[in-house]
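Worksheet: one structure, shown below.
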There are 4 protein chains.
Amino acid sequence: MRADARDNRARIMTAADEVFGQSPAASTDDVAKLAGVGIATVFRHFATKTELLEAVLTLRLERLRDRALQLAGSADPGAAFYEFFTQVVSESASKLAIAEALTASGVAAAGEEARAAGHGMREAFDGLLTAAQKAGAVRPDAHFPEVYALLIGSSRGATAARLDAETRDRMLALVYDGLKPPT
Amino acid sequence: MRADARDNRARIMTAADEVFGQSPAASTDDVAKLAGVGIATVFRHFATKTELLEAVLTLRLERLRDRALQLAGSADPGAAFYEFFTQVVSESASKLAIAEALTASGVAAAGEEARAAGHGMREAFDGLLTAAQKAGAVRPDAHFPEVYALLIGSSRGATAARLDAETRDRMLALVYDGLKPPT
Amino acid sequence: MRADARDNRARIMTAADEVFGQSPAASTDDVAKLAGVGIATVFRHFATKTELLEAVLTLRLERLRDRALQLAGSADPGAAFYEFFTQVVSESASKLAIAEALTASGVAAAGEEARAAGHGMREAFDGLLTAAQKAGAVRPDAHFPEVYALLIGSSRGATAARLDAETRDRMLALVYDGLKPPT
Amino acid sequence: MRADARDNRARIMTAADEVFGQSPAASTDDVAKLAGVGIATVFRHFATKTELLEAVLTLRLERLRDRALQLAGSADPGAAFYEFFTQVVSESASKLAIAEALTASGVAAAGEEARAAGHGMREAFDGLLTAAQKAGAVRPDAHFPEVYALLIGSSRGATAARLDAETRDRMLALVYDGLKPPT
DNA sequence: TATGAATGAGGATTCATTCAT
DNA sequence: TATGAATGAATCCTCATTCAT
């Protein structure tokens with residue numbers, strides 16, 4: 001029974017990620033249908049729709065944090081930083097959810113868990129940033145808040161404007177030029 | 001009655017700008033209440049909610065275009081470009097509506113009028129960009145699409161993250177560093 | 001001024017006849033538009049929508065009465081009776097309003113005027129019937145109520161079923177066969 | 001819950017039959033109230049108001065067809081035909097819905113199911129007619145379309161004029177005289 | 001425990017009718 | 001007087017959430 005329940009919970013979260021990622025106004029019923037469970041099952045696992053949304057958000061943020069932590073072990077901190085930045089923005093362009101996750105991560109709202117996940121993700125990104133600065137790949141006078149704002153902005157911009165890959169890359173080239181240390 | 005009606009229409013649009021600017025999911029009734037009119041009056045002026053949203057959007061875009069055109073006459077094209085960019089981002093931070101307007105302006109959706117207004121606004125911004133490039137204030141190899149994407153991204157980022165003024169300015173400083181011609 | 005008002009009143013009634021004849025659920029505004037007047041003008045002439053509907057109904061009934069009275073002077077009472085019957089049914093097939101008018105004419109509802117008009121119309125039809133019976137063209141044991149019911153039924157049936165002309169005529173042939181005196 | 005749901009569905013249809021039978025313009029809420037369920041329950045069972053109306057219509061038509069089929073087995077085809085005709089008209093006089101069902105059965109509109117039900121009902125009635133003609137109880141030169149038109153008309157007439165039983169019967173006597181074979 | 005059913009509050013939209021010019 | 005604007009009540013329909021099986 002435990003196994004079944006855990007399975008269902010996972011299926012629901014996957015479905016929610018998919019559904020809300022495409023249209024944030026989707027109904028809980030859509031999630032249930034995609035997950036192949038009854039709607040009551042969704043509400044058994046997540047007491048309110050908000051709770052479900054937060055769970056999805058938390059998952060997203062944890063994945064981003066994990067990726068950042070992975071890259072933190074890289075031999076080339078500069079490359080690691082820019083690769084993470086690029087990956088996040090690229091995926092956001094097709095996955096609305098990521099851009100929204102980034103946004104929510106810093107905002108007061110969100111439940112306890114999501115806030116913690118956001119904190120963890122930002123810390124991991126901060127780690128990438130600091131290492132890149134130490135390695136001379138990012139200007140040392142850039143502070144975390146504005147760099148994180150730039151990450152959010154680039155993601156949201158790419159998402160909102162449905163940029164094609166080329167334009168997105170050229171936009172990022174401009175951003176990176178602003179981030180690199182002056183010669 | 002013409003006068004009254006025009007008055008009401010203006011009041012409704014102001015209210016809609018305010019209401020939808022804060023929460024795009026707001027109800028038409030909220031708009032009516034803030035405007036101090038009955039809900040049917042809103043629907044008399046705007047046949048559907050979509051039409052109302054488009055009208056607000058159009059107004060926003062036209063205002064931005066006008067500001068861009070004003071600045072286009074400036075003696076210092078570089079200053080004009082950056083001032084416009086800064087103003088847009090600054091206002092977006094407090095007015096969700098502007099960021100969304102910018103987004104929609106480039107997206108296929110939106111009605112005829114809104115699309116036209118978006119086109120006009122982008123053209124005016126393109127004018128500022130070209131002039132600034134000619135004046136040597138913006139690197140010549142930056143094309144309009146990515147610069148516009150940067151404008152949208154910065155706006156959305158500032159809005160979404162609810163940046164304080166200082167952080168926002170530092171973020172813009174990074175962006176502008178990326179835009180300036182290499183020495 | 002009187003002339004203008006009378007003119008408007010006539011235009012409104014014509015429009016209402018047309019509009020409600022095609023779709024009884026039509027709005028007062030549709031009537032105003034077709035009449036080429038403002039909606040307030042409609043309500044100045046007819047205090048409520050019901051009043052307007054009754055006026056249209058009354059007009060219809062008066063016209064039918066007039067036609068019956070005209071035919072009453074005919075040299076061949078049998079032909080007169082059947083011609084009237086046929087005309088009413090034929091027109092009903094294309095003018096929903098006539099069938100409804102006939103219905104309402106016998107029903108308790110309707111205002112004073114409409115009731116009076118209905119009474120007048122039924123009397124005129126009764127006159128045609130009696131004369132036709134005296135002339136031996138309609139069986140003498142048929143009383144007015146059932147014959148009138150047959151008129152209403154034929155009209156409504158033709159209207160409701162959107163009968164083509166041929167079927168309608170064959171249906172009427174059956175009805176007339178039932179009405180004719182047994183040989 | 002299946003049992004409960006089926007129960008509710010039945011209650012809703014009964015209520016709808018009653019409510020719409022008395023006033024086709026009634027609101028869905030009226031149906032819900034009479035059925036003793038919330039309005040959302042009505043919409044759970046019937047996605048749109050139109051669907052509900054069609055379901056009621058279909059039920060009516062199926063009942064009429066069943067009655068016709070029952071009578072088709074009768075030993076006296078003539079009596080069967082006239083009994084069916086009389087029953088339909090009699091009930092229509094008090095149940096608006098039946099007359100409307102008959103009407104709609106032949107009209108292009110209506111959904112798939114209702115159309116099928118209408119077809120079945122007309123076929124069953126056609127069977128009664130043919131048998132009665134073979135038995136010499138109905139004139140052989142009367143075709144189905146006009147006889148069906150007569151059925152509709154008689155029903156609608158009886159309904160619309162709210163005929164008392166006696167007048168209705170005398171009206172039917174006239175109709176039947178037209179239908180009987182000439183001696 | 002999982003399910004599908006039930007529910008009421010809320011949202012967009014229409015319409016008869018009343019006001020202000 | 002004729003007009004177009006304003007209005008709130010009513011209507012259809014959706015959705016998050018709760019119940020009963």
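First the proteins, then the strands, lettered A, B, ... as listed; each starts at 1. Bear in mind that the values here come from a model prediction, so they are computed numbers and not experimental data.
Whole-Å rounding puts the C/Phe46 CZ to E/dC15 C1' distance at 19 Å. Nucleotide F/dG4 holds its C1' atom 11 Å from the NZ atom of C/Lys33, rounded to whole Å. Put simply, CG on C/Asp7 is 11 Å from P on F/dA2, counting in whole angstrom units. Here E/dA16 presents its C1' atom at 16 Å from CD of C/Glu54, a figure rounded to the nearest Å. In this structure, CD of D/Glu51 is placed 11 Å from P of F/dT14, rounded to the nearest angstrom. In this structure, the CZ atom of C/Arg9 is 16 Å from the C1' atom of F/dA2, given to the nearest Å. Rounded to a whole Å, the CG atom of C/Leu52 is 15 Å from the P atom of E/dC15. Rounding to whole angstrom units, CZ of residue C/Phe43 and P of F/dG4 are separated by 15 Å.
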Full working for side chain to side chain contact (heavy atoms under 4.5 Å, CB included) between B/Leu59 and B/Asp17: CA-CA 9 Å; B/Leu59 185 62; B/Asp17 191 53; 5.9 Å; no
Pair B/Leu52-B/Phe20, side chain to side chain contact (heavy atoms under 4.5 Å, CB included): steps then yes or no: CA-CA 10 Å; B/Leu52 173 57; B/Phe20 292 131; 3.9 Å; yes
Test side chain to side chain contact (heavy atoms under 4.5 Å, CB included) applied to C/Arg115 and C/His119, step by step: CA-CA 6 Å; C/Arg115 204 153 12 186; C/His119 192 70; over 6 Å; no
Working for side chain to side chain contact (heavy atoms under 4.5 Å, CB included), residues C/Leu53 and C/Phe46: CA-CA 9 Å; C/Leu53 281 165; C/Phe46 306 92; over 6 Å; no
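Residues B/Lys49 and B/Ala25 approach most closely at NZ-O, 4.4 Å, considering heavy atoms. The shortest heavy-atom contact between A/Glu54 and A/Gly111 is OE2-N, 2.8 Å.
To the nearest 0.5 angstrom, C/Ser23 atom OG is 11.5 Å from C/Glu18 atom CD.
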Every protein N/O within reach of nucleotides 7-11 of chain F N/O, cut-off under 3.5 Å:
from: F/dT7; atom 1: OP2; to: B/Gly38; atom 2: N; distance (Å): 2.9
from: F/dT7; atom 1: OP2; to: B/Thr41; atom 2: OG1; distance (Å): 2.5

Please tabulate, for side-chain N and O atoms in residues 34-45 of chain B, each donor-acceptor pair with protein atoms closer than 3.5 Å (sequence neighbours left out).
none

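Within the structure, a side-chain polar atom (N or O) of D/His45 is placed less than 4.0 Å from OP1 or OP2 of E/dA6.
Looking only at side-chain heavy atoms (C-beta outward), C/Ile152 and C/Ser155 stay at 4.5 Å or farther from each other.
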For DNA chain F, the dot-bracket pattern of Watson-Crick and G-U pairs whose distances stay under 3.5 Å, | for other-strand partners: .||||||||||||||||||||
